[in-house]
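Structure, as structure tokens:
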2 protein chains.
Amino acid sequence: MPRHADPNAKEALVAAARAEFARGGLRGARIEDITAACGLSKGAFYLHFESKEALFGELVQLFQARMSACATDRTESFRKFAEEHGPVGPRDVQERTPRYQELVALDVRLDEAALEAMWEYRDVLGVLVRGSQGTPFEGALWELVDVEVNRVRKSFEDLQCQRTCRTDIPGELFGSLIVGTYLLLGIRMTRMYDKPDLAAWAAQLHTLINEGSQPVDFKNSVARSKP
Amino acid sequence: MPRHADPNAKEALVAAARAEFARGGLRGARIEDITAACGLSKGAFYLHFESKEALFGELVQLFQARMSACATDRTESFRKFAEEHGPVGPRDVQERTPRYQELVALDVRLDEAALEAMWEYRDVLGVLVRGSQGTPFEGALWELVDVEVNRVRKSFEDLQCQRTCRTDIPGELFGSLIVGTYLLLGIRMTRMYDKPDLAAWAAQLHTLINEGSQPVDFKNSVARSKP
DNA sequence: CCGATTTATGACCTGTGGGTCAGAAATCGC
DNA sequence: GCGATTTCTGACCCACAGGTCATAAATCGG
């Protein structure tokens with residue numbers, strides 16, 4: 001039995017590729033630069049990956065799986081919540097019952113988890129935003145965005161039927177607001193070195209979107225109950 | 001005096017180029033396709049433009065100028081409004097005075113104008129989003145986005161000082177919400193054939209962001225005054 | 001130490017598309 | 001019609017980067 005393959009060559013290539021992708025996008029990342037960063041030759045790349053696109057495809061699949069997990073986690077968590085705490089109606093919202101407050105806390109936690117996923121894959125997100133036309137990933141992000149907008153739209157419309165959300169806003173527009181905001185935050189993460197306080201972002205966005213930008217004094221006094 | 005230049009060659013090239021850019025981005029648009037669409041040869045392109053990037057640069061400048069005009073128009077309109085109607089304070093917001101309602105209407109009109117500009121340049125916007133690494137336009141959109149986020153942040157912080165906006169949200173996050181929402185709507189315009197009802201979008205977004213997503217019944221009753 | 005076998009190398013091939021330029025075509029004054 | 005002049009054409013050049021493959025290097029059993 002002959003020469004052994006470098007055991008950590010593949011993960012080194014993936015790491016170097018992510019760095020190159022982050023720098024210059026899918027097209028701007030040259031294979032020779034990726035391999036050079038690992039002390040390998042161009043040919044070595046093709047021992048581990050079908051092509052540059054194939055490597056990126058693996059990353060995209062991981063990212064999509066992660067985001068998809070966030071979505072299923074959300075529906076599952078809400079289902080469980082309704083099972084354990086019963087349905088949350090308009091009165092709960094109006095009176096800020098403990099049940100409602102727990103639901104808000106859960107929602108914020110789930111949003112934070114989504115932001116966390118975006119932070120970990122912000123390099124992949126950056127490449128997807130830039131798109132790199134001519135590759136299979138041209139519209140990948142926008143398909144994901146459409147899916148997310150529709151998911152938000154649907155859940156918003158459900159809440160509208162239950163009268164726990166205002167009914168004079170189309171769900172589509174609300175979805176664009178949510179997804180657009182999170183997407184831009186993700187894009188801005190691309191250029192950050194230190195991780196921002198994602199929990200604070202999630203909580204503040206939740207407050208802003210639920211209660212609006214007007215001063216809190218104007219809301220009816222029942223609403224606030226801060227310790 | 002000899003052969004005349006085709007008088008509408010340049011505008012035909014611009015139109016064809018915009019169509020090609022919309023299809024495949026800056027990189028995906030081939031010069032031969034652009035000229036072929038006008039019944040011209042490849043060489044003719046270089047009689048009118050320095051390069052493909054130069055043509056796109058002209059479009060970007062027009063787009064940037066248009067967006068910049070929207071911004072100056074906004075500050076100017078608000079200045080004039082304050083001059084004519086006096087400053088709008090927290091009480092105006094709380095009691096929905098006619099002065100406040102006029103300000104809201106003005107704000108919505110200005111937002112609609114910005115959406116209109118994005119609609120007209122949605123092809124350019126699409127290319128800028130996709131970025132086309134290696135060109136001078138790589139980060140052009142994100143610079144514009146940063147400028148806009150900061151503009152919104154600053155005006156939001158001013159309103160916070162005047163107590164006409166809630167003070168528990170960082171201006172940066174509010175800016176990301178506004179710009180992110182409008183950017184995503186712009187991106188989604190890229191794939192639309194018919195112009196959506198931009199006035200409705202502007203008005204609904206304004207309502208949603210000001211008053212939040214909670215049912216209107218919960219707001220204090222002074223607030224609503226719909227004919 | 002040999003040769004079998006798998007891994008790694010990098011010179012080479014190749015398609016692509018931006019940009020060029022010698023020459024053809026058009027249009028004028030005369 | 002003729003040449004002068006400007007407009008237009010498209011075959012050609014070339015840089016670039018993805019992908020290939022003959023060759024070399026490493027590592028084993030025997």
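To find a chain, count down the sequence lines: A is the first, B the second, and so on, and within it residues start at 1. Computed from a predicted model, the values in this text were never measured in an experiment.
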**Options D/dC8, C/dA8, C/dT27, nucleotide nearest the side-chain atoms of B/H4** = C/dT27
**Message:** Assess, by modelled atom type and distance only, whether the side chains of B/H206 and B/D111 contain a donor and an acceptor separated by less than 3.5 Å.
**Reply:** no
**Asked** Is B/E83 paired with B/K80 through a side-chain N to carboxylate O contact shorter than 4.0 Å?
**Response** no
**Asked** Roughly, in whole Å, what's the span from CG in B/L55 to P in C/dG19?
**Response** 12 Å
**Distance in angstrom units between A/L40 CG and D/dA25 P, rounded** = 17 Å
**Message:** Once side chain to side chain donor-acceptor pair (under 3.5 Å) is applied, what residue pairs with a partner in residues 49-69 of chain B remain, sequence neighbours excluded?
**Reply:** B/R66-B/E120
**Request:** Considering only NZ, NE, NH1 and NH2 on the basic side and carboxylate oxygens on the acidic side, decide whether B/R109 and B/E112 come within less than 4.0 Å.
**Result:** no
**Asked** To the nearest Å, how far apart are B/D33 CG and C/dT16 P?
**Response** 13 Å
**Message:** I need the CZ-C1' distance between B/F45 and D/dT7, as an integer number of Å.
**Reply:** 17 Å
**Request:** Heavy atoms only: give me the nearest A/C70-A/A114 pair and the separation to one decimal.
**Result:** SG-CA, 3.8 Å
**Request:** Identify, with sequence neighbours excluded, every residue that meets side chain to side chain donor-acceptor pair (under 3.5 Å) alongside B/R153.
**Result:** B/N150, B/E157
**Complete:** Contacts of A/E76 meeting side chain to side chain donor-acceptor pair (under 3.5 Å) (sequence neighbours excluded), chain-then-number -> A/R79
**Asked** Which letter, B, S or -, goes with each nucleotide of nucleotides 11-18 of chain D from 5' to 3', with contact meaning a protein heavy atom under 4.0 Å?
**Response** ------SB
**Asked** Which pairs, with at least one residue in residues 33-53 of chain A and sequence neighbours excluded, count as a ring pair (Phe, Tyr, Trp, His ring centres under 6.0 Å)?
**Response** A/F45-A/F49
**Of residues 11-19 of chain A, the positions that come close to DNA chain D - non-hydrogen atoms, cut-off under 4.0 Å** = none
